[in-house]
Every structure is written in C-alpha cells, then in structure tokens.
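What follows is one structure encoded as structure tokens, with my remarks underneath.
In this chain, residues are counted from 1 in sequence order.
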Amino acid sequence: EREPLWLHHPYSLTGGESPVRKLTVFDANKLVTLKYKPKPATAEEVRDCKQPLTPKELMMVTGGPKTIDFGVISVYTTATRNFTVMNELRTSVLVALNTHDCEEIAQTAPLSQVIPAGSCAGFD
C-alpha cells in the first residue's frame, strides 16, 4: 500500500510557479527609497513596456495599500505616505500614476517608473 504524498508548499502541474499567490502586506508608512527611471531606456525595456499585459499577467503586478490613512494633520502641512507596486513578472513594466484629477496627491514623485522583473517600486 502506498503512503499519500504530503507537500509543504503547493505546486503547479505545468512545472512552473505555484498558482497560489503569497500574501503581500503593503505598509504606507514605510517609504521605498529606491526609485527607477521614469521611461524605458534600453531596447529590451522599450519592447517589454510596449507589450500589453494579459489578465493573468496583470494580476502579477500588484499595488497597495488599498487605502492610505494620513491621520489628523493641520491645514497647509504635508504628510508623506507610500504606495508600493510589486512586479512579479519576468519582464519590466512601466507604471504611471494619474494624479491630474486630485490636487492633493499631485506632488507624488515620481509619476512613472519602469519596474524591473521581480522588483518593487515606491511612489511617495
């Protein structure tokens, strides 16, 4: 009689990465100091960034936190929080923030970044 197979982590039948995603916790108070270039520069980056993402690939580019609490602040003061984007793809992606409709976050910097494969970028 055969013993059942027990795995410590899930696997996929295709031999690739597991379809089960890791839980990622984004912290708005932790600023990501590393910033990437605002536009693709190399031929490979241009090719990667022009390629449309499939729905499955789009799910591998995550951002957060979902809500950002600035707390109680006085009028005309500034408070800095972080919005992080994680690229779990094997290619670079160009992420651009649209802040035109909201003057409160128009000071976000940088407005766009080319995020390399497997990297995180922060928008402050």
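- Side-chain contact between Met59 and Lys56: absent, with no pair of heavy atoms (C-beta onward) separated by less than 4.5 Å.
- Formation of a donor-acceptor pair under 3.5 Å by the Glu57 side chain with backbone atoms of Thr54 is found in this model.
- Annotation: side chain of Asp124 is not in contact with side chain of Val32 (no heavy-atom distance under 4.5 Å).
- Between Pro38 and Ser112, some side-chain heavy-atom pair lies under the 4.5 Å cut-off.
- Smallest separation of non-hydrogen atoms from Asn82 and Gly122: OD1-CA, 3.4 Å.
- Checking side-chain atoms of Glu44 against main-chain N and O of Thr91 turns up no donor-acceptor pair under 3.5 Å.
- Contact check for Val85 versus Ile115: side-chain heavy atoms found under the 4.5 Å cut-off.
- Between Gln107 and Thr78, the shortest heavy-atom distance links the atoms OE1-CG2, 4.4 Å.
- Two residues are said to be in side-chain contact when any heavy atoms from C-beta on lie closer than 4.5 Å; Val114 and Val93 fail this criterion.
- Partner Phe123 forms a side chain to side chain contact (heavy atoms under 4.5 Å, CB included) with one of Thr99, Val95, Leu111 and no other, that one being Val95.
- Distance check: Gln51 CD to Ser92 OG gives 13.0 Å after rounding to the nearest 0.5 Å.
- Proximity of a side-chain donor or acceptor of Thr42 to a complementary backbone N or O of Glu45 within less than 3.5 Å is detected.
- Residues Leu31 and Thr80 form a side-chain contact, since some pair of their non-hydrogen atoms from C-beta on lies under 4.5 Å apart.
- One finds the CE atom of Met60 at 10.5 Å from the CG atom of Leu53 (value rounded to the nearest 0.5 Å).
- Taking CD of Gln113 as the start and CG of Leu97 as the end, the distance is 8.5 Å to the nearest 0.5 Å.
- Thr62 has its side chain within reach of Phe26: a pair of non-hydrogen atoms, C-beta onward, lies under 4.5 Å apart.
- Distance CG/Asp27 to OG1/Thr84: 8.0 Å, rounded to 0.5 Å.
- Heavy-atom contacts from other residues, nucleotides or ligands closer than 6.0 Å to NZ of Lys35 number more than 12.
- Between Tyr36 and Ser119 there is a side-chain heavy-atom pair separated by less than 4.5 Å.
- Residues Cys120 and Met86 share a closest heavy-atom pair of SG-CG, 3.7 Å.
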